[in-house]
Participant: 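Okay, here's the structure, questions in a sec.
Here is the naming used below: chain letters follow the sequence lines, and residue numbers restart at 1 for every chain.
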Protein chains: 2
Amino acid sequence: MTSARPTRRRGAALDEAILQATIEELHAVGFRSLTMDAVAARAGTSKNVIYRRWPSRGALCVAAYLRMLPTDAEDTPDTGSVRSDALALLQRANERMSTPVGQMLRELIAGIQAEPEPLRDLREQASRAGVAVWLKVLTRAVSRGEVDPSALTPRVATVAVDLLRNEYSLNGARSVPDAVLVEIVDQVYLPLMRSHG
Amino acid sequence: MTSARPTRRRGAALDEAILQATIEELHAVGFRSLTMDAVAARAGTSKNVIYRRWPSRGALCVAAYLRMLPTDAEDTPDTGSVRSDALALLQRANERMSTPVGQMLRELIAGIQAEPEPLRDLREQASRAGVAVWLKVLTRAVSRGEVDPSALTPRVATVAVDLLRNEYSLNGARSVPDAVLVEIVDQVYLPLMRSHG
DNA sequence: CAAATAAGATACTGCCAGTAGCTTAAGCTG
DNA sequence: CAGCTTAAGCTACTGGCAGTATCTTATTTG
């Protein structure tokens with residue numbers, strides 16, 4: 001596979017091949033153990049070519065990560081009650097975070113300190129992951145009269161995922177049990193909504 | 001300083017000297033940039049001696065971190081209202097987390113994946129930091145009639161710090177602005193208490 | 001077809017974790 | 001205090017990896 005390549009790739013095609021190889025390596029060994037040599041080998045090129053495109057290992061991995069994100073638009077759950085909507089969103093977030101890709105995001109965010117620029121996109125990704133969806137769910141709840149409009153701020157709306165994220169940052173990589181999600185919703189999120197209604 | 005040492009230290013005294021040197025290095029350059037050579041040099045000994053005591057760089061740093069923890073007992077704020085008590089606790093937590101030592105804890109938790117044993121103590125440290133204090137504050141609020149006893153669960157009581165911690169895990173090392181603390185208290189914590197009262 | 005550009009190969013520097021083996025000081029034991 | 005055991009300290013090494021330099025060669029473009 002690496003040996004007999006007919007043509008010499010260039011430009012965008014090569015970019016793409018390198019990113020693809022990086023994604024595969026990330027899946028295979030994770031960010032922490034990924035080496036530039038391995039990526040180069042897998043892409044059938046040399047490190048040099050990579051460094052001409054991305055300034056560092058971290059930047060390359062971030063670029064690759066961003067390329068591998070799911071592009072399907074979020075569909076917002078609409079079950080008729082805040083409780084089950086919120087639970088559905090939380091479960092989805094939990095699944096995503098416990099995915100290899102989710103772990104990768106955490107590894108990247110944790111493992112890159114010295115590279116503010118590519119990192120910005122990542123944090124953005126992580127933190128704004130779904131503000132809109134939560135607001136949408138709450139907007140519906142407001143229109144049903146279940147919740148007061150004063151709850152429609154990012155801080156309030158995303159409390160549940162924020163707590164979930166905190167769970168991950170404490171517990172490490174393991175998936176969070178469903179009971180915890182229910183606890184977050186019933187002990188925190190719903191009471192909070194109630195007080196805003 | 002490294003040259004003319006009269007005696008050759010042994011056992012506990014040497015342990016101590018190495019841990020001390022590690023602490024100094026951690027303060028000087030942080031976990032990520034700490035090298036075993038530097039620690040050995042600072043302690044006036046050799047890497048060999050260190051590796052006879054701790055199996056790896058990570059284990060050494062965790063040991064050093066645990067030795068440097070503040071031992072002063074927490075005093076619980078008692079200002080007469082949940083709002084200012086909570087704000088005081090949050091501010092204290094924020095100060096601690098933005099401290100070099102706090103950053104170090106996060107660096108360690110994030111940077112050590114392959115060593116479950118020493119890590120357990122660390123996570124413990126991070127997560128149980130202050131459950132008791134928050135419960136105490138709430139207990140007082142309950143006895144004042146400000147809050148309902150149903151709020152006296154770890155999950156509910158610590159929501160504010162949990163959100164703060166989340167803030168750190170997203171924002172990186174920087175200290176969280178006071179306005180965010182106020183936002184957490186006024187938009188989330190107090191409403192939550194209200195709904196439990 | 002020639003000049004410019006970029007890919008690919010190879011080899012190198014520098015850094016650092018962890019290891020090996022030896023020398024020598026400290027402390028114990030009789 | 002002599003002799004033995006233990007561990008400190010020294011020096012040098014292996015191996016892995018990020019990032020760089022240099023040169024050759026394929027591809028594009030004018």
Participant: Report the distance from atom CD1 of A:Ile18 to atom C1' of C:dG8, rounded to the nearest whole Å.
Facilitator: 11 Å
Participant: Using only heavy-atom distances, decide whether a donor-acceptor pair under 3.5 angstrom links the side-chain of B:Arg9 to the base of D:dG9.
Facilitator: no
Participant: Please determine, by modelled atom types, if A:Ser81 and A:Glu146 share a side-chain donor-acceptor pair under 3.5 angstrom.
Facilitator: no
Participant: Rounded to whole angstrom units, what separation is found between the CZ atom of A:Arg32 and the C1' atom of D:dG16?
Facilitator: 16 Å
Participant: Would you list the protein and nucleotides 10-16 of chain C atom pairs, both N or O, that sit under 3.5 Å from each other?
Facilitator:
none

Participant: Taking A:Ser195 for its side chain and B:Pro191 for its backbone only, find out whether a donor-acceptor pair lies under 3.5 Å.
Facilitator: yes
Participant: Output the single nucleotide from D:dG19, C:dA17, D:dG9 whose closest atom is nearest the side chain of A:Ser56.
Facilitator: D:dG19
Participant: Let me check something: any side-chain donor-acceptor pairs from residues 14-21 of chain A under 3.5 Å, sequence neighbours excluded? List them with distances.
Facilitator:
unit_1, atom_1, unit_2, atom_2, d
A:Asp15, OD1, A:Arg53, NE, 2.3
A:Asp15, OD1, A:Arg53, NH2, 3.3
A:Glu16, OE1, A:Arg67, NH1, 2.7

Participant: Classify the side chain of B:Arg10 versus the base of D:dT6 as yes if they form a donor-acceptor pair under 3.5 Å and no if they do not.
Facilitator: yes
Participant: How long is the gap from CG on B:Asn94 to CG on B:Leu89, to the nearest 0.5 Å?
Facilitator: 12.5 Å
Participant: Rounded to the nearest angstrom, tell me the gap between atom CZ in B:Arg52 and atom P in D:dT6.
Facilitator: 14 Å
Participant: So how far off straight is the helix from C:dC1-D:dG30 to C:dG30-D:dC1, going by the axes through five pairs at either end, to 10°?
Facilitator: 10°
Participant: Can you identify which nucleotide, out of C:dG8, D:dG9, D:dG19, has its nearest atom closest to the A:Tyr51 side chain?
Facilitator: D:dG19
Participant: OP1 or OP2 of D:dA8 sitting under 4.0 Å from any side-chain N/O of B:Arg53?
Facilitator: yes
Participant: Which nucleotide in the set C:dG8, D:dG9, D:dT27 lies at the smallest distance from any side-chain heavy atom of B:Thr45?
Facilitator: D:dG9
Participant: Quickly work out the A:Arg8 CZ to C:dT5 P distance and round it to whole Å.
Facilitator: 16 Å
Participant: State, without any angle test, whether A:Thr79 and A:Ser84 hold a side-chain donor-acceptor pair at a distance under 3.5 Å.
Facilitator: yes
Participant: Salt-bridge test for A:Arg155 and B:Glu167: reply yes if a basic N is under 4.0 Å from a carboxylate O, no otherwise.
Facilitator: yes
Participant: Could you walk me through whether A:Arg42 and A:Asp37 pass the salt bridge (charged side-chain N to carboxylate O under 4.0 Å, His left out) check?
Facilitator: CA-CA 8 Å; A:Arg42 193 187 280 269; A:Asp37 290 286; over 6 Å; no
